[in-house]
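In what follows, chains carry the letters A, B, and so on, assigned in the order in which the sequence lines appear, proteins first and then strands, with residues in each chain numbered from 1.
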There are 2 protein chains.
Amino acid sequence: MVKRTSFEGDACPIARSLDAIGDWWSMLIIREALLGVRRFGEFQKRLGLAKNILTVRLRALVDQGILETAPASDGSAYQEYLLTPKGRGVFPILVALRQWSEEFDDRPDEIATILVDREKGKPVRKLELHAQDGRLLSAADITLKPRTAKAGKRITA
Amino acid sequence: MVKRTSFEGDACPIARSLDAIGDWWSMLIIREALLGVRRFGEFQKRLGLAKNILTVRLRALVDQGILETAPASDGSAYQEYLLTPKGRGVFPILVALRQWSEEFDDRPDEIATILVDREKGKPVRKLELHAQDGRLLSAADITLKPRTAKAGKRITA
DNA sequence: GCAACCTAGTTTAATAATGCAACTAATGGA
DNA sequence: TCCATTAGTTGCATTATTAAACTAGGTTGC
């Protein structure tokens with residue numbers, strides 16, 4: 001297999017995000033980190049991926065500022081992997097992925113968990129996209145606009 | 001490379017979604033379809049991926065009910081690829097990916113477009129996760145609950 | 001202090017996945 | 001009919017992934 005096409009310099013933010021976290025296993029590693037997993041061995045055991053791949057993925061996520069390393073919280077000499085704010089920012093993507101499966105999966109009975117509000121124990125609402133004035137937007141209600149004008153404003157601000 | 005681990009039977013809906021649309025290029029193909037692309041050649045030209053890979057990806061997306069084929073709208077003998085409701089359901093995932101990049105990208109100046117409300121031309125709001133009663137939820141405010149009880153209700157409903 | 005075990009990788013080998021580029025067959029248009 | 005376009009198909013070489021063994025440092029119990 002020749003080298004996969006990189007989306008690193010892509011003008012589209014979707015592609016850029018996929019470049020950062022689109023490798024097989026990356027988003028599941030972040031999912032585990034969001035669930036509180038910190039140690040190499042725990043990631044490896046829970047996910048079941050090859051250790052060399054886990055090493056490469058963790059390295060990449062650290063390099064991209066999604067995870068950071070810190071001394072292990074149990075006082076041992078080991079290191080732990082912790083999410084940064086950038087890493088925690090992946091949460092809505094994971095929610096969206098979850099909710100897509102919940103709604104459209106061929107075999108929804110195979111899904112083992114639901115996402116609930118910790119305080120009330122109630123299922124959360126589906127993600128919704130809103131206009132600035134609060135209108136609910138579907139894919140048909142949005143469009144893409146060149147970012148130039150906005151960038152110009154930022155420069156002067 | 002040995003066969004990649006499949007998440008097809010995974011109990012986690014995130015993993016199941018990644019199994020369906022997590023291949024390199026798949027989400028970008030769906031993005032293009034959402035933008036109105038229908039023809040093989042157009043997908044290929046706009047994305048720049050290898051034709052054999054595009055063929056395999058389109059086949060998989062059709063097999064999974066994300067895309068469907070239909071006679072070309074220009075009356076020619078060719079086929080077009082159209083999103084199904086399941087395919088259009090991927091939209092929030094793409095929005096989430098876009099918004100993650102917009103917020104955390106190392107080089108936001110490389111992003112060419114913003115997502116705006118077609119009617120007003122204003123940037124859309126960031127996706128938010130809400131509890132049933134409307135409270136805004138962060139990752140720390142949610143938890144996973146076994147789905148069994150809910151499944152039981154569905155069977156009786 | 002030492003042996004056994006655990007942890008966090010590292011290394012090797014085999015196979016799938018990917019991109020490149022040429023090729024093929026069907027379709028469209030002059 | 002001929003040439004260009006479209007939608008793939010094919011063959012090849014390189015990268016990505018898995019499985020499993022290995023390595024070195026750290027921890028624990030005696």
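By the neighbour-count criterion of 12 heavy atoms within 6.0 Å, atom CD of A:E42 is densely surrounded, having more than that number from other residues, nucleotides or ligands. Counting non-hydrogen atoms of other residues, nucleotides and ligands closer than 6.0 Å to CD of B:E128 gives a total above 12.
The side chain of A:T55 approaches C:dT10 more closely than any other nucleotide in the set C:dT10, D:dT6, D:dT9. For B:F40, counting side-chain heavy atoms from C-beta on, the closest listed nucleotide (D:dA7, C:dG19, D:dT17) is D:dA7.
When the side-chain nitrogen and oxygen atoms of B:W25 are compared with OP1 and OP2 of C:dG19, one or more of them lie within a distance under 4.0 Å. At the phosphate of D:dT18, neither OP1 nor OP2 sits under 4.0 Å from any side-chain N or O atom of B:R4. OP1 or OP2 of C:dA8 lies within a sub-4.0 Å distance of a side-chain N or O belonging to A:R39. Remark: A:R57 is in phosphate contact with D:dT17, judged by side-chain N or O atoms under 4.0 Å from OP1 or OP2.
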Under 4.0 Å protein heavy-atom contacts per nucleotide of nucleotides 19-30 of chain D, with B for base, S for backbone only and - for none: B-----BSS---
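Atom-to-atom, OH of A:Y81 to P of C:dT7 comes out at 15 Å; the value is rounded to the nearest Å. Going from atom CZ of A:R46 over to atom C1' of C:dT7 covers 18 Å, rounded to whole Å. Protein atom CD of B:Q79 is 11 Å distant from nucleotide atom P of C:dT27, rounded to whole Å. We find that CZ of A:F7 is positioned 11 Å from P of C:dT18, with the value rounded to whole Å. Atom CD in B:Q44 sits roughly 11 Å away from atom P in D:dT6 (whole-Å rounding). B:D74 places its CG atom 11 Å from the C1' atom of D:dT6, with the value rounded to the nearest Å. Spacing between atom CG of B:L54 and atom P of C:dA21 amounts to 17 Å, rounded to whole angstrom units.
In terms of position along DNA chain D, the nucleotide closest to B:L58 lies nearer the 5' end than the nucleotide closest to the other residue of the pair A:I53 and B:L58. Nearer the 5' end of DNA chain C, as judged by each residue's closest nucleotide, is the contact made by A:G41, out of A:K3 and A:G41.
Aromatic ring pairs are classed by plane angle as parallel below 30°, tilted from 30° to 60° and perpendicular above 60°; the pair A:F7 and B:W24 is parallel.
Residues forming a side chain to side chain donor-acceptor pair (under 3.5 Å) with A:R135 (at least two apart in sequence, or on another chain): A:D133, B:D117.
In summary, A:E32 and A:K45 do not engage in a salt bridge, as defined by a charged side-chain N under 4.0 Å from a carboxylate O. Comment: B:K86 engages A:D106 in a salt bridge, judged by a side-chain N to carboxylate O separation of less than 4.0 angstrom.
Within 4.0 Å of B:F43, counting heavy atoms only, lies no atom of the nucleic acid at all.
Using a 3.5 Å distance cut-off with no hydrogens or angles, the side chains of A:T55 and A:N52 do not pair a donor with an acceptor.
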